[in-house]
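Written below as structure tokens is the structure these notes are about.
Letters A, B, ... mirror the listed sequences (proteins, then strands); counts begin at 1.
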Amino acid sequence: METKLLRKESHSEWIERLLDNQEVYGVVSQNKRISYQRITSPEELVKDFIIPDMSAKSFVFPSIENLFAFIKRKDEINIENINLDTIPNKVIIGVRPCDAVGIKKLGSIFGWSPEDCFFSKRIEKTTIIAYACNKADDYCFCTSIGGSPGTTQGSDILFTQVNTGDYIAEIITTKGESAVSVAPELFEEITTDLQKEKYLANVPIRFDDTHLEERINKSFDTLIFDEYAMRCIGCNICAFVCPVCACFDIQDENRGNKGYRLRCWDSCGNKLFTLHTSGHNPRHTQGMRWRQRLMHKFSYMPKRIQVKGCVGCGRCSRYCPVDMNISEQLTSIVS
Amino acid sequence: MDKINKIATELLATGKVQIIIGYAEGSKGRIRPFFARNEKECEKLIFDERCVQNLAVYLYKEETSRRGQQAIVANISTLRGIIRLTTEKQIKEDDLIAIIASDKEQPFEAHTFEDIENYLSNQTFQLNESDKTLLEQLNAMTPSERRTFWQNEMENCIRCYACRQACPLCYCSQCVVEVNQPQWIPATANRTGNTEWHIMRAMHLAGRCVECGQCGKVCPENIPIHLLPIRLAEEMKILYGSTTGISKDENCEMSTYKHEDTENFIG
């Protein structure tokens, strides 16, 4: 890993050079929405924001993934694989460190045997240029879950803007190096003493997660989940905005005799989640489904793949229409 | 508002109800739905101008209804939801007590539907200014401009179905969008699939929507999706002179067949 300095005057020029070579996405503001969108000029980028509405997960785990195509003919069905080489290289600028961590955690899920070829190809083609957070809101809780507003995990490059407007550039991976290589002359050696920690947002620790797994396991048979989830209306917002939620549903969609098998985002909040063909649903109440959400993130995932299924971005709570607040519930579980 | 707590505490103490569906302070200055089942919990019940959610959606949920007789803190939207759900036989008339609340007057109990109907007959139903302006703009557009407007909005839909889940009238045990053998509406979150889904939902709500706008309020993508059923409610007023959710004896125009129907719309 190398650390360099990118002057604020050079920032736009570097992005323009990136745009010469590949598809570039960035955080833009449009009709009250802050989102990752394809950009054609650095001018489009929004500078003052806390977090995009949706996470960056759709770059590597799109809401709909075509798994294969099928054509039905008289006596046979032909299956055609998707040509993964058509997936373009993409550079995403302005990713928040929590979203980058989210993508890394998705890697642990999709890399868990057998490896998922769609995810692997997409991540291979995606360069994540993250920007450390210089401000946070009351919903952010990355520091309670092992993260930090300046973590480099999951990023190819992490920029931290200092008080002069210049950026400390931590170039972490070879993908990061190749993004720098479009204009290496713009990245200077750091000659002064720059401490990136000084410029990071202050995200207070809201709960101590040391014993979270043990405590949540003990809570399994209690009524706390039922109680908390009485107001849950069972929409899919929390799972869809979550950078780590990876549950999916398989559907076929066809026109005439041709179609695709699709992998679609799913959500454990939905009452059809894990509904059996028989009509039996092992999680037939909203409380059981909410418990599944928390157990999966803070018990099953740590046990199986040694990562928590949460990055503390706070989106699920920020966008919940009935104010289900995950850090509030976790705080009550650990205390 | 102490009066709400007093009414709620009394209802629980006398054993008339076992659960009060209402509002409480949530996190970071927000309001959340709250369910009081004892005196202490009643202290948390509040009502102010932030309490706009249509709580009628909880009346038929197993999670709340299994806890016994219910009372509900009801704003105008919730009351209209209750009336319509009764018309459509989703809740029973004697199943519920409403604590009618507004930020203008003291809360009071309504034990009969006549009480609710009387109260509603003295109310005016008005859209907020921004909805009114946008609806006027939409009405003034040419069909192709309107199409472009909605298609751009539809692109942002992520198909989380929060609009459906938040709607008291979206109570189908299996929504048509989730039927996949055969598949009626594409599952794909793209312009076509999303447009089909929202047109279907709006059409199904025609003559049933109580104009609470809850579907639009919950949309994480800020799509003004509530204006589709609200526009259709206007159409119902023009066609049948009907307003939904004000009288339990009201008609179900779009789902009632009458022998004398002229059918001239078939042309």
By a 4.5 Å heavy-atom criterion (distance strictly below it), what part of A/C238 contacts chain B: side chain, backbone, both, or neither? neither
Listed by chain and number, what are the ring-ring contact (aromatic ring centres under 6.0 Å, His included) partners of A/F49, not counting sequence neighbours? none
What part of B/I21 is in contact with chain A, defined as an atom under 4.5 angstrom from a non-hydrogen atom: side chain, backbone, both or neither? neither
Between A/C235 and B/A162 the two heavy atoms that sit nearest each other are CB-CA, 3.4 Å
Scored by heavy-atom pairs under 4.5 Å with chain B, the best of A/G269, A/P62, A/C320 is A/C320
Of all heavy-atom pairs between A/I64 and B/A189, which one has the smallest distance, and what is that distance? CG1-N, 3.8 Å
Tell me, side chain or backbone of B/I223 under 4.5 Å from chain A's heavy atoms, or both, or neither? both
Quick one: donor-acceptor pairs under 3.5 angstrom, chain B versus chain A?
residue: B/S27; atom: N; partner: A/D323; partner atom: OD2; Å: 2.7
residue: B/S27; atom: OG; partner: A/D323; partner atom: OD1; Å: 2.6
residue: B/S27; atom: OG; partner: A/D323; partner atom: OD2; Å: 3.4
residue: B/S27; atom: OG; partner: A/N325; partner atom: ND2; Å: 3.2
residue: B/K28; atom: NZ; partner: A/D138; partner atom: O; Å: 2.8
residue: B/R30; atom: NH1; partner: A/Y139; partner atom: OH; Å: 3.1
residue: B/R30; atom: NH1; partner: A/S317; partner atom: O; Å: 2.9
residue: B/R30; atom: NH2; partner: A/C320; partner atom: O; Å: 2.4
residue: B/R32; atom: NE; partner: A/D323; partner atom: OD2; Å: 2.9
residue: B/R32; atom: NH1; partner: A/E328; partner atom: OE1; Å: 3.1
residue: B/R32; atom: NH2; partner: A/D323; partner atom: O; Å: 3.2
residue: B/R32; atom: NH2; partner: A/D323; partner atom: OD2; Å: 3.0
residue: B/R32; atom: NH2; partner: A/E328; partner atom: OE1; Å: 3.1
residue: B/R32; atom: NH2; partner: A/E328; partner atom: OE2; Å: 3.4
residue: B/R37; atom: NH1; partner: A/E227; partner atom: OE2; Å: 2.7
residue: B/R37; atom: NH2; partner: A/E227; partner atom: OE1; Å: 2.9
residue: B/Y58; atom: OH; partner: A/R231; partner atom: O; Å: 2.5
residue: B/E63; atom: OE2; partner: A/Q286; partner atom: N; Å: 2.6
residue: B/E153; atom: OE1; partner: A/R33; partner atom: NH2; Å: 2.9
residue: B/C160; atom: O; partner: A/N236; partner atom: N; Å: 3.1
residue: B/C160; atom: O; partner: A/N236; partner atom: ND2; Å: 3.4
residue: B/Q165; atom: NE2; partner: A/I233; partner atom: O; Å: 2.8
residue: B/Q165; atom: NE2; partner: A/G234; partner atom: O; Å: 3.3
residue: B/S173; atom: O; partner: A/K271; partner atom: NZ; Å: 3.1
residue: B/Q183; atom: NE2; partner: A/Q251; partner atom: OE1; Å: 3.1
residue: B/A187; atom: N; partner: A/E253; partner atom: OE2; Å: 2.7
residue: B/T188; atom: N; partner: A/E253; partner atom: OE2; Å: 3.4
residue: B/T188; atom: OG1; partner: A/E253; partner atom: OE1; Å: 2.3
residue: B/T188; atom: OG1; partner: A/E253; partner atom: OE2; Å: 3.2
residue: B/E221; atom: O; partner: A/R33; partner atom: NE; Å: 2.5
residue: B/E221; atom: O; partner: A/R33; partner atom: NH2; Å: 2.8

Per-residue contact mode, A/M324 against chain B (heavy atom under 4.5 angstrom): neither
Max heavy-atom pair count under 4.5 Å with chain A, selected residue of B/G26, B/C219, B/G193, B/A187: B/A187
Please indicate whether B/M141 has more than 12 foreign heavy atoms, meaning atoms of other residues, nucleotides or ligands, lying under 6.0 Å from its CE. yes
Contacting region of A/I233 [heavy-atom separation from chain B under 4.5 Å]: both
Is it the side chain or the backbone of A/L272 that comes within 4.5 Å of chain B heavy atoms, both, or neither? side chain
So does B/R147 have more than 12 non-hydrogen atoms from other groups sitting under 6.0 Å from CZ? no
Is it true that, when you exclude B/E145 itself, more than 12 heavy atoms of the residues, nucleotides or ligands shown sit nearer than 6.0 Å to its CD? yes
